[in-house]
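Structure, as structure tokens:
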Number of protein chains: 2
Amino acid sequence: MSRSDEIQSAAIELFYEQGYNATSLKEIADRINLRAPSLYNHIESKQKLLQDIMFDGIDVLNSEFDEAVAQSEDIFEKIRLAAQALVRHNIRRKKQAYVNSTEIPSLEAGARDELVRRRRSYADRWVKLIESGVSAGVIVSSEPLLTTFNIIDLCAGLSRWYRPDGRWSEERLVAHYGRLTVSMLV
Amino acid sequence: MSRSDEIQSAAIELFYEQGYNATSLKEIADRINLRAPSLYNHIESKQKLLQDIMFDGIDVLNSEFDEAVAQSEDIFEKIRLAAQALVRHNIRRKKQAYVNSTEIPSLEAGARDELVRRRRSYADRWVKLIESGVSAGVIVSSEPLLTTFNIIDLCAGLSRWYRPDGRWSEERLVAHYGRLTVSMLV
DNA sequence: CCTACCGATCGGTAGG
DNA sequence: CCTACCGATCGGTAGG
């Protein structure tokens, strides 16, 4: 694990626990036994560190969606697979996903615009998937965008309350949300 | 509108836009044409100001739930009414609800514990409502708590993306979420 | 409700 | 990768 990776994962943990603005570079440095100014050998600024974390998160999410829907030709199966990919993302990258959903206001204007664009790109994937089912005559949803928001919001909760030692296993939740999502569209 | 109320609503707007930690008392004071130190004639501290906003939000939400379910004897109708009350809350008090869902880590330990207790109290109302339907034999949900999380998460999204001038009116959304919530339980 | 001011902390730089 | 240090800003107090 490179120093840059160490910094990034320490930052994710602290931003998750305290928020970006409440976290100092000194705290990040302390976690990996460095002095705060030494961070600047690896990062450009605190703001850029946040941007890298957030862009990485949304890019991975978009890739995972594409991989998921490529695994089947059936429209409902595609929907189930896409929902399950989102669930797994919010569970396995819980802290990063939480930071991503929570720190948009902390981004500088330019980076915020770009991030919002990439998040819209994720939502567009869902809208097009649902619309393809409508065109094919197997889905009757009259509001693909609203349904998309509902699916994303529903799964977003996981990054807040999911616990690895909680009462529901990852596989239980993947199955539950997969079923629930499909049921919203039949 | 009293000075205290002016301070509180200016604070809600700024905490919504920038977050608690990124907002200075000077900015709050500027919004209502005061100097920062003058705020201390009305508030105890910045932290206490946040606490008042958050406790007020959750207390109102709990009251609204109780009022909603008292309006019908039918279990599915109670569920529909409770969901619609939550939707209206997240729309009409959008900014306060957003702050409430976002600033839990910014609370001091003691206040955070108390707030989490009151949020759990809200979730308990849902769990008991669903369980009463299970006891009566009209609902088959095997996971009342998971379903409760799903309902809350689903509606929480509104405090993030709802726009008064957006493409869905409040009444359209109230109807949509009411239907969706009931459908999760039949 | 104001001005004047405090100690603390912050992100970041200089220089080695 | 470190020590030493900077200017800026913060929440909050004193005193009127």
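Sequence lines set the chain letters: A, B, ... in the order given, protein chains first and strands last, and positions in each chain run from 1.
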- Which whole-number value in Å describes the distance from A:Glu44 CD to C:dG11 P? 16 Å
- Does a salt bridge link B:Glu103 with B:Arg112, judged by any charged N lying under 4.0 Å from a carboxylate O? no
- Atom-pair distance (NZ on B:Lys26; P on D:dA8), nearest Å: 15 Å
- In whole angstroms, the gap separating C1' of D:dA8 from CG of A:Asn21 amounts to 15 Å
- Is there a Watson-Crick or G-U wobble partner for C:dG16 with both distances under 3.5 Å, and if so, which one is it? D:dC1
- How are the rings of B:Trp161 and A:Phe149 set relative to one another: parallel (under 30°), tilted (30 to 60°) or perpendicular (over 60°)? tilted
- Task: List in numerical order all residues of residues 33-42 of chain A for which some heavy atom is under 4.0 Å away from an atom belonging to DNA chain C.
- Result: A:Pro37, A:Tyr40
- Query: Hey, are B:Glu6 and B:Arg3 close enough for a salt bridge, meaning a charged N less than 4.0 Å from a carboxylate O?
  - Reply: yes
- Message: Under a 3.5 Å distance rule, please check whether A:Lys95 uses its side chain to pair with a backbone N or O of A:Glu13 as donor and acceptor.
- Response: no
- Could you tell me the separation between the CG atom of A:Leu25 and the P atom of D:dC5, rounded to a whole number of Å? 21 Å
- Side-chain touch A:Ile28/A:Lys46, heavy atoms, less than 4.5 angstrom: no
- Item | Pair partner, D:dG7 [Watson-Crick or wobble, under 3.5 Å] | C:dC10
- Message: Could you check whether any side-chain N or O of B:Asp66 sits under 3.5 Å from a backbone N or O of B:Ser63, counting only pairs where one atom can act as donor and the other as acceptor?
- Response: no
- Send over the distance from A:Ile43 CD1 to D:dC1 P, rounded to a whole Å. 13 Å
- B:Gln51 CD to D:dG11 P, in whole Å, measures 16 Å
- Over how many whole Å does the gap from B:Asp30 atom CG to D:dG11 atom P extend? 12 Å
- Check the distance between D:dG11's C1' and B:Gln47's CD and give it to me in whole angstrom. 12 Å
